[in-house]
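Whatever order the structure lists them in is the order used to number ligands and atoms, beginning at 1.
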Amino acid sequence: MQKGKLLYEGKAKKLYETGDSDLLIAEFKDDLTAFNAEKRGSEKGKGALNCQISTQLFRLLEQNGIETHLVETLDENHQLVKKVRIIPIEVVVRNTATGSLSKRLGIEDGKKLPFVLVEFYLKDDDLGDPIICDDHAMLLELVDRRETLEELKRLGRKINEVLKAFFAERRLNLIDFKVEFGVDKAGNILLSDEISPDSCRFWDMDTGEKMDKDRFRQNLGNVKVAYEEVLKRILEEKQ
Ligand code: UDP
């Protein structure tokens, strides 16, 4: 499958048309951004690592009944994906308080939450991706039915269940993550975008070390080393 016209360029990926109007090619970039792109950087090989990590995790989720946009991986940093209309909601799922949750609500950093928290953020860089409630989502017509919001929460929790157990076996604590969903031609809701250390937080269960984009956000160094370690652990065979 050949890359056609560049359709869209985001912070971490480029999307290209293909000869098939139902399929796109996603290219994972080496760029890193944080704090609504106020902090920018690049890490050679990061795109390829995220492409491989996301491919593995999407396959795992598919095996567990979550439909995704992924068709196949073309090479180390390109995926063939189904064309979808992205629902402009970032679904954030949290097991442990940190980041914006701790800052906004004053919950101690690192506190395990008594239940899985699912939040919605409006996908809008100009507004700085504000947190929204269900009524806001309806008001802005981000989805046409409240049931879709319930479905997004259910999918977020299910993805969390699968990933949390998978990473626990690999001595990584899944702290929180962000996912995006798209709607295909037939109206199916598909997990889209990516799941990678750019969009998740992983803390090493034994050392407490951060193994994700917080290394870039907080200038901790060894960003690529951490992403490589996450991929290595994902590829470990378990019983
Ligand atoms: N996240 C993301 N993209 C965003 C905002 C957040 O992938 O635009 C991820 C982030 O990596 C973390 C989770 O969502 O795993 C929760 O992020 P939080 O709201 O704590 O935001 P931050 O502290 O990064 O501002």
When you check the gap from the basic side-chain N to the acidic O, do [X] and [Y] get nearer than 4.0 Å?
{"X": "E236", "Y": "K238", "value": "yes"}
{"X": "E150", "Y": "R154", "value": "no"}
{"X": "K103", "Y": "D109", "value": "no"}
{"X": "D135", "Y": "R146", "value": "yes"}

Applying a strict 4.0 Å limit to heavy atoms, is [X] in contact with ligand 1?
{"X": "D198", "result": "yes"}
{"X": "K103", "result": "no"}
{"X": "Y121", "result": "yes"}

Can you tell me which residue and heavy atom of the protein come closest to [atom], and the distance to 0.1 Å?
{"atom": "atom 11 (O) of ligand 1", "value": "R217 NH2, 2.9 Å"}
{"atom": "atom 23 (O) of ligand 1", "value": "R201 NH2, 2.9 Å"}
{"atom": "atom 4 (C) of ligand 1", "value": "E90 OE1, 3.5 Å"}
{"atom": "atom 14 (O) of ligand 1", "value": "K178 CB, 3.4 Å"}
{"atom": "atom 12 (C) of ligand 1", "value": "D176 OD1, 3.1 Å"}
{"atom": "atom 18 (P) of ligand 1", "value": "S100 OG, 3.3 Å"}

Q: Tell me which part of C200 gets within contact of ligand 1: side chain, backbone, both or neither, using heavy atoms under 4.0 Å.
A: backbone

Q: Specify side chain, backbone, both or neither for R94, according to which of its non-hydrogen atoms lie closer than 4.0 Å to ligand 1.
A: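 Answer for R94: side chain.
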
Q | Sub-4.0 Å protein heavy atom near atom 2 (C) of ligand 1 | A | yes

Q | Evaluation steps, side-chain hydrogen bond (donor to acceptor under 3.5 Å, both in side chains), between Q79 and T73 | A | CA-CA 4 Å; Q79 287 178 342; T73 300; 4.6 Å; no

Q.
Do I89 and L122 sit in one hydrophobic cluster, given that two such residues count as connected whenever their side-chain heavy atoms are within less than 4.5 Å of each other, even indirectly?
A.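 Per the 4.5 Å side-chain linkage, I89 and L122 are co-clustered.
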
(Q) Check for me whether K39 meets the cation-pi criterion with F216, that is, NZ or CZ under 6.0 Å from the six-membered ring centre and within 45 degrees of the ring axis. (A) yes

(Q) So, applying side chain to side chain contact (heavy atoms under 4.5 Å, CB included) with D22, which one of T18, L24, D20 is it? (A) D20

